[in-house]
Structure formats: C-alpha cells, structure tokens
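Just the heavy atoms: all of them, side chains too, but no hydrogens, waters or symmetry mates, feed the values below.
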Amino acid sequence: MGPRPSGGQSASLPFLSPAPSEPRRPAPFPTHVVSASGPGQLPGSGPLLGGRLRFRRCGGALFPSSFRPHVAGRPEVLGELPEAQDGAGGAVGAALPSSRPISVVASGREMVVLSVPAEVTVILLDIEGTTTPIAFVKDILFPYIKENVKEYLQTHWEEEECQQDVSLLRKQAEEDAHLDGAVPIPAASENGADDLQLMIQAVVDNVCWQMSLDRKTTALKQLQGHMWRAAFTAGHVKAEFFEDVVPAVRKWREAGMKVYIYSSGSVEAQKLLFGHSTEGDILELVDGHFDTKIGHKVESESYRKIANSIGCSTNNILFLTDVTLEASAAEDADVHVAVVVRPGNAGLTDDEKTYYSLITSFSDLYLPSST
C-alpha cells in the first residue's frame, strides 16, 4: 500500500485543505468472500449455494475473475479454485489475505463483502453522494429554490423570520458590492406596492446570482433552509435515499451499532431530510447529527471532537463518505473509513481506487458480530 493520494473533490464543500503527506492509516479491513442464495445474505443468515471461484493474475497477484483490480496490465484467467466446505458439505465461502473488497458471483449475483473491524461501535454517515443521490440536491433541492423564491418572499414577506433573512441578504449584498455582477438589494421603502415588488425582485435576483456561483454564504443558506423547511413540511418535496440505505441502517442498529450523521448541511436541514423522506419519517434511525459547527469535514480535529461528543474512541468509528479529502482527514484521526462509490459521484483517481477501501452499497458491509 503506497502513500495516500492527495486528490479529492466535492463541489459542495465550502472549505478544502490539503491532506498531510505522511498519513497514519488504520488497520486495513479484513476481507470475507461469501457466496449467497439471495441479496445481502451472509454466513448464518440463510442457505448458501455451492460454487467455484475463477481467479486471474494481474500485476503478479491473484484476483477473483469478477473483481476488477486497480493494477496496470491485462488480467489473465488462470483457472478455478473450489470454495471452502462446511461440515455438511455446503459452501461457506473462501477468504483471501487482502484489505480490498472481493467480488463473488453466486447464482448469477455478485456480492462484495467488506468486514467491519470488531472495535467499531459507531457508523458515521455523510449524506450527499453517500446516503442521498447528488442528483437530488442538484436537480431537485436547488432548482426548487430558484423556481419558488419569488412566491415564497411574497407569501412570507411580513413575517419576522423572512425579514431577518432579507436583512442578512442585504448586508451580504453590501459586502459583495465590489464583485462583478453583484446584485444590490435596496433598503426598505414606504412608497407602496411597486417599490415592494422591486425589492422582492432584487432579492430574487441576488439569490439566483449567488446560486449561479455556488456560493455558501450564511445569508443564502439561511433563506434556503427556511424555504426547504416549508417545502418538506407541506409535502412538496421528499428526501430521496439510495435503496440500500434504510434496510442497512436498520440492520446495523439491530446489531447494536449507533448511527450518526455528519454533513456540511445544517443539523436542521439533516433532520428535514430524515424526517420527510420517500421512506417516511426515519429520524428514529439516527442517534445524532453533526454539522460544520463542530468543525469542517476536511479537518482531522472535527472527528476527534465527534468521538468525544459521542463518548467513544476515534477507532470505534467507521466513517462512510464519497469525498476522499474527508476520508483522509478522518483517517488522520484514527477513524476507520470506507469510500462510497455511487452513480453520479465525482470520479476517483487510480491511486484513490487503489488506496481506499471502496463500497458501492451499504449492503457491502459485513458486521462480524452479526454471525
């Protein structure tokens, strides 16, 4: 295992810091290779089917033929090795000395099983690109703001909360006056409905300008949060989760795991997502929430503070994220990490694919204590 790659990306992160050049990597995940009669079944959870694993050589190493190793060179199929048999003659899988996930094909289905270290008692989850498709944020949440901000302002203008939002946006606009394309927001006027509509339009234009630049100002995030709250509460928007998320979280909790959320989005926004989803209100599945008030996700100290807040050691935590800069920061705090590869996520470099333990579904995680 070479030095940790320094790459990483996330358009949603407001602050990025370089990763240290000399990482401390937690002990690698052990690997369990399992063939199963159904999706997500593991030893002890159901009948297993017999089968044989095809292996191929790549870069001097052996890999199951269904596994795509991140090593230069064209794999060569070498033959087959039988799976281990239990006392009754049934296949129980085979294990290889590797810290990488291993793919196994059984009954036409492929499983990747990554064993969770025994000391892990807490699973810490990122949201965007990990539990929730990036497309939900990009194609639903943000467009909702642009399409509805004018109506929202007209409906809530007289409310104190809305006026506080506008005042904060006006103050931000004054600070932005020197920027190209900045949109000013005039002071309140008593000259009638026409001036009111002009002011509302100025706020709309300012919000759209900030969003076009993907800005993360407190003023913008505050208005967005209030608009999303109204939309979720009214049922106009429901949060989306990858289909493997809720079943996996339920199983983790049944196995005694604690589950926490750590996202750049505010705790209030996180609770909106989990409280108003296509799966219903699933807030009960989450033991707690953290946002950037505890620290930024690319800073190692944030993960130490989270562990202290939970009341555990950092090596009791497994952090799942799609952003390698976050994974790097967590590792430097001795947190266990797996990088989540989902449709629509930013691509990983070859070095990142080789260095990090990757999963494509929460069902790829195997809890040894569940057997």
Side-chain angles (χ1 to χ4, degrees), residues 10-14 127-129 131-176 179 181-189 192-241 261 263-283 289 291-292 344:
S10 174
S12 64
L13 286 177
I127 291 180
E128 185 179 352
T131 66
T132 299
I134 288 178
F136 172 71
V137 177
K138 178 182 177 183
D139 299 336
I140 295 179
L141 287 187
F142 285 132
Y144 178 87
I145 299 296
K146 293 181 179 179
E147 294 166 5
N148 293 277
V149 61
K150 186 170 186 176
E151 179 182 352
Y152 177 85
L153 291 169
Q154 290 174 333
T155 302
H156 300 275
W157 187 263
E158 300 298 330
E159 299 172 11
E160 181 179 356
E161 182 178 82
C162 185
Q163 284 300 302
Q164 291 174 350
D165 292 345
V166 172
S167 295
L168 203 58
L169 285 164
R170 184 181 292 113
K171 181 178 179 181
Q172 183 65 50
E174 292 171 357
E175 296 176 5
D176 294 339
L179 299 177
V183 179
I185 299 175
S189 171
D194 289 343
D195 280 359
L196 175 59
Q197 290 305 312
L198 288 174
M199 189 183 307
I200 289 176
Q201 188 59 52
V203 175
V204 171
D205 293 343
N206 179 277
V207 167
C208 291
W209 171 72
Q210 289 201 60
M211 291 183 67
S212 71
L213 299 177
D214 195 27
R215 303 192 73 199
K216 309 293 182 182
T217 65
T218 299
L220 177 62
K221 291 175 71 174
Q222 180 170 299
L223 175 66
Q224 289 174 332
H226 292 153
M227 287 187 63
W228 286 326
R229 182 184 63 196
F232 278 116
T233 302
H236 297 153
V237 176
K238 290 187 177 181
E240 298 176 9
F241 294 95
I261 306 299
S263 172
S264 298
S266 68
V267 168
E268 180 183 11
Q270 296 174 30
K271 290 182 177 179
L272 284 173
L273 289 174
F274 284 84
H276 303 84
S277 80
T278 54
E279 303 286 338
D281 183 348
I282 54 174
L283 269 173
H289 302 259
D291 58 21
T292 52

Peer 1: Would Phe274 and Phe241 count as a side chain to side chain contact (heavy atoms under 4.5 Å, CB included) here? Give the steps.
Peer 2: CA-CA 9 Å; Phe274 284 84; Phe241 294 95; 3.7 Å; yes
Peer 1: Evaluate the criterion side chain to side chain contact (heavy atoms under 4.5 Å, CB included) for residue pair Ile145 and Trp228; output intermediate values, then yes/no.
Peer 2: CA-CA 8 Å; Ile145 299 296; Trp228 286 326; 3.5 Å; yes
Peer 1: Are Arg215 and Leu179 side-chain neighbours, meaning at least one heavy-atom pair lies under 4.5 Å?
Peer 2: yes
Peer 1: How about His156 and Glu161: do any of their side-chain heavy atoms sit closer than 4.5 Å?
Peer 2: no
Peer 1: Does the Ser167 side chain pair with the main chain of Gln163, one donor and one acceptor, at a distance under 3.5 Å?
Peer 2: yes
Peer 1: Report yes if the side chains of Arg170 and Met199 come closer than 4.5 Å at any heavy-atom pair, otherwise no.
Peer 2: yes
Peer 1: Gln210 pairs by side-chain contact (heavy atoms from CB on, under 4.5 Å) with which of Leu223, Leu169, Val183, Asp205?
Peer 2: Leu169
Peer 1: Kindly give the heavy-atom pair with the smallest separation between Met211 and Phe142, and that separation in Å.
Peer 2: CE-O, 3.5 Å
Peer 1: Heavy-atom count check: over 12 atoms from other residues, nucleotides or ligands less than 6.0 Å from Glu175 CD?
Peer 2: yes
Peer 1: Mind running side chain to side chain contact (heavy atoms under 4.5 Å, CB included) on Asn148 and His236 for me, showing each step along the way?
Peer 2: CA-CA 11 Å; Asn148 293 277; His236 297 153; over 6 Å; no
Peer 1: Quick one: are Leu220 and Gln172 in side-chain contact, heavy atoms under 4.5 Å?
Peer 2: no
Peer 1: Which atoms form the tightest heavy-atom contact between Ile134 and Gly344, and what is the distance?
Peer 2: CD1-O, 4.0 Å
Peer 1: Looking at every heavy atom in both Ala202 and Pro186, which two are closest together, and how far apart are they?
Peer 2: CB-CD, 3.7 Å
Peer 1: Which heavy atom in Trp157 sits nearest to a heavy atom in Cys162, and how many Å separate them?
Peer 2: CA-SG, 3.9 Å
Peer 1: Judged by atom type as modelled, is there a donor-acceptor pair below 3.5 Å linking the side chain of Gln270 to the main-chain atoms of Gly265?
Peer 2: yes
